[in-house]
Amino acid sequence: MTNFNSSSFDSPTFLLMSFPGDGVTNLCISISLCLVYFLSILGNGLIVFIIKTDTQLREPMYRLLSMLAATDLGLALSTSPTVLSVFWFNYRKIHFYPCVIQLFIIQTLCSVESAILVGMAFDRYVAICNPLRYNSLLQPVIAKLGVVAIFRGVILMIPQPFLLGRLPYCGNDALSHAFCYHPDIMKLACADITINNKHGMVVVLSSYPLDSFFILLSYVIILKTVKSKARQEESWKALNTCISHLCVVLLFYIPLIGLTLAHRYGQRDSILLLVMMGGVFLVIPPALNPVVYSMKTKQIRNAIRKQICAKYTENLNSNHD
């Protein structure tokens with residue numbers, strides 16, 4: 001039995017999980033994951049850089065988008081070391097302390113992202129229902145929203161490492177993912193995990209359902225406002241500004257619900273399902289969010305094009321010199 005408490009100097013070691021299959025399958029998955037992580041880091045980093053440097057992108061919508069991209073960038077950077085080490089080098093061991101640090105970062109950033117999505121829904125609500133006061137209402141509260149989102153995430157998640165640290169771990173030490181996830185770790189404990197379960201329930205109920213309710217409420221009000229518009233062209237133009245946000249909301253919540261259900265009702269021997277749902281939840285949304293906003297937001301595309309043209313012109317002039 002591996003035991004972790006205040007009197008023990010040895011911390012548990014867990015085994016991260018990879019996709020079951022032969023070498024060729026894992027090689028293909030490894031290359032795909034590496035490409036997805038590269039695109040995720042590049043795309044989100046580019047969005048943050050563009051919004052920070054382009055003076056024309058100073059509206060609340062773009063500041064919220066930069067927060068979302070920074071959060072996705074943090075998720076990609078926090079999960080890529082373990083995921084790529086498992087799939088590229090077949091190095092599956094992870095000690096308790098790095099594991100709980102990773103799960104704290106992952107779940108804090110997920111809570112922050114959920115709060116930012118609420119802020120973006122409120123942004124669309126104000127832009128459509130009260131456009132004349134859009135900047136005056138939102139500009140003063142954007143930074144405060146970011147602080148509140150981070151504070152809520154930290155406060156909710158900070159008990160988890162301590163609650164996990166008090167438990168003894170024995171027997172099975174294999175996790176269900178290539179990263180550390182709170183429900184996954186606590187199931188490996190050979191002790192009563194009632195407090196962990198209750199805290200996990202508090203975290204879930206005080207964040208994701210509440211956030212999704214406010215997002216839904218915002219869009220109910222938006223739809224009522226749009227229906228009251230006399231011209232259909234104006235209605236479509238107003239709704240078109242919400243499509244990107246709705247896509248990002250679905251990209252975040254659908255994998256989250258799938259992963260929760262897989263852990264809740266799936267069997268421990270359903271390795272492929274759990275690994276796949278974990279990968280979809282933490283890899284796909286950060287990679288696709290920049291694509292969604294780049295495709296649907298003309299100002300972002302123009303800003304990216306302007307930066308590329310400026311770099312190309314600069315390189316061309318330096319070569320001529």
Side-chain angles (χ1 to χ4, degrees), residues 43-44 47-48 50-52 54-72 110-150 152 207-257 285-286 288-306:
N44 287 293
I47 293 289
V48 172
I50 290 293
I51 293 175
K52 184 178 180 181
D54 196 315
T55 55
Q56 295 181 351
L57 302 178
R58 289 291 181 265
E59 291 185 10
M61 171 186 172
Y62 302 114
R63 294 176 64 187
L64 286 166
L65 178 55
S66 68
M67 292 181 188
L68 179 70
T71 305
D72 284 336
C110 287
S111 175
V112 170
E113 181 156 340
S114 182
I116 292 171
L117 291 176
V118 175
M120 296 175 86
F122 181 68
D123 168 85
R124 291 300 85 204
Y125 158 73
V126 176
I128 292 172
C129 301
N130 201 351
L132 296 179
R133 298 186 61 194
Y134 175 69
N135 279 300
S136 62
L137 283 174
L138 289 181
Q139 286 289 8
V141 303
I142 295 299
K144 294 176 184 177
L145 172 66
V147 172
V148 169
I150 295 171
R152 185 190 73 166
S207 52
Y208 305 122
L210 194 62
D211 292 346
S212 58
F213 169 76
F214 285 123
I215 292 171
L216 180 62
L217 180 63
S218 297
Y219 277 102
V220 169
I221 300 172
I222 286 171
L223 285 173
K224 287 183 178 180
T225 303
V226 168
K227 282 186 177 180
S228 67
K229 290 182 180 292
R231 296 173 57 186
Q232 290 296 318
E233 184 180 347
E234 289 182 3
S235 300
W236 170 246
K237 186 176 179 181
L239 280 177
N240 193 44
T241 63
C242 302
I243 292 176
S244 299
H245 177 252
L246 284 172
C247 291
V248 171
V249 168
L250 293 175
L251 281 172
F252 178 78
Y253 279 105
I254 290 177
L256 174 64
I257 293 170
L288 290 185
N289 287 348
V291 177
V292 170
Y293 270 98
S294 298
M295 288 177 62
K296 293 298 299 178
T297 309
K298 183 180 179 181
Q299 291 84 346
I300 295 291
R301 292 199 307 271
N302 290 340
I304 293 174
R305 196 178 296 117
K306 186 170 70 174

Would a 4.5 Å heavy-atom cut-off, applied to side chains only, mark [X] and [Y] as touching?
X    : Y    : result
N135 : P60  : yes
L145 : L64  : yes
Y293 : V248 : yes
V48  : N44  : no

Q. If we ignore angles and hydrogens, is there a donor and acceptor under 3.5 Å between the side chains of Q139 and R58?
A. no
Q. Which heavy atom in S136 sits nearest to a heavy atom in P140, and how many Å separate them?
A. O-CD, 3.4 Å
**Q.** N289 backbone acceptor or donor facing D72 side chain under 3.5 Å
**A.** no
With a 3.5 Å cut-off and sequence neighbours excluded, list the donor-acceptor pairs that the side chains of residues 112-123 form with protein atoms.
{"residue": "S114", "atom": "OG", "partner": "D211", "partner atom": "OD2", "Å": "2.6"}
{"residue": "S114", "atom": "OG", "partner": "Y253", "partner atom": "OH", "Å": "2.7"}
{"residue": "D123", "atom": "OD1", "partner": "Y134", "partner atom": "OH", "Å": "2.5"}

**Q.** Working for side chain to side chain contact (heavy atoms under 4.5 Å, CB included), residues R152 and S207
**A.** CA-CA 9 Å; R152 185 190 73 166; S207 52; 4.0 Å; yes
To the nearest 0.5 angstrom, please state how far the [atom1] atom of [X] sits from the [atom2] atom of [Y].
X    : Y    : atom1 : atom2 : answer
I222 : L246 : CD1   : CG    : 8.0 Å
I51  : Q299 : CD1   : CD    : 11.0 Å
F252 : T71  : CZ    : OG1   : 9.5 Å
Y208 : S111 : OH    : OG    : 5.5 Å
R124 : C129 : CZ    : SG    : 10.5 Å

(Q) Apply side chain to side chain contact (heavy atoms under 4.5 Å, CB included) to residues V292 and I243 and explain how you reach the verdict. (A) CA-CA 9 Å; V292 170; I243 292 176; over 6 Å; no
**Q.** Set of side-chain contact (heavy atoms from CB on, under 4.5 Å) partners for A303, sequence neighbours left out
**A.** I50, D54, L57
Which atom pairs, donor and acceptor, lie under 3.5 Å between side-chain atoms of residues 213-221 and protein residues at least two apart or in another chain?
{"residue": "S218", "atom": "OG", "partner": "F214", "partner atom": "O", "Å": "2.9"}
{"residue": "Y219", "atom": "OH", "partner": "H245", "partner atom": "ND1", "Å": "2.7"}

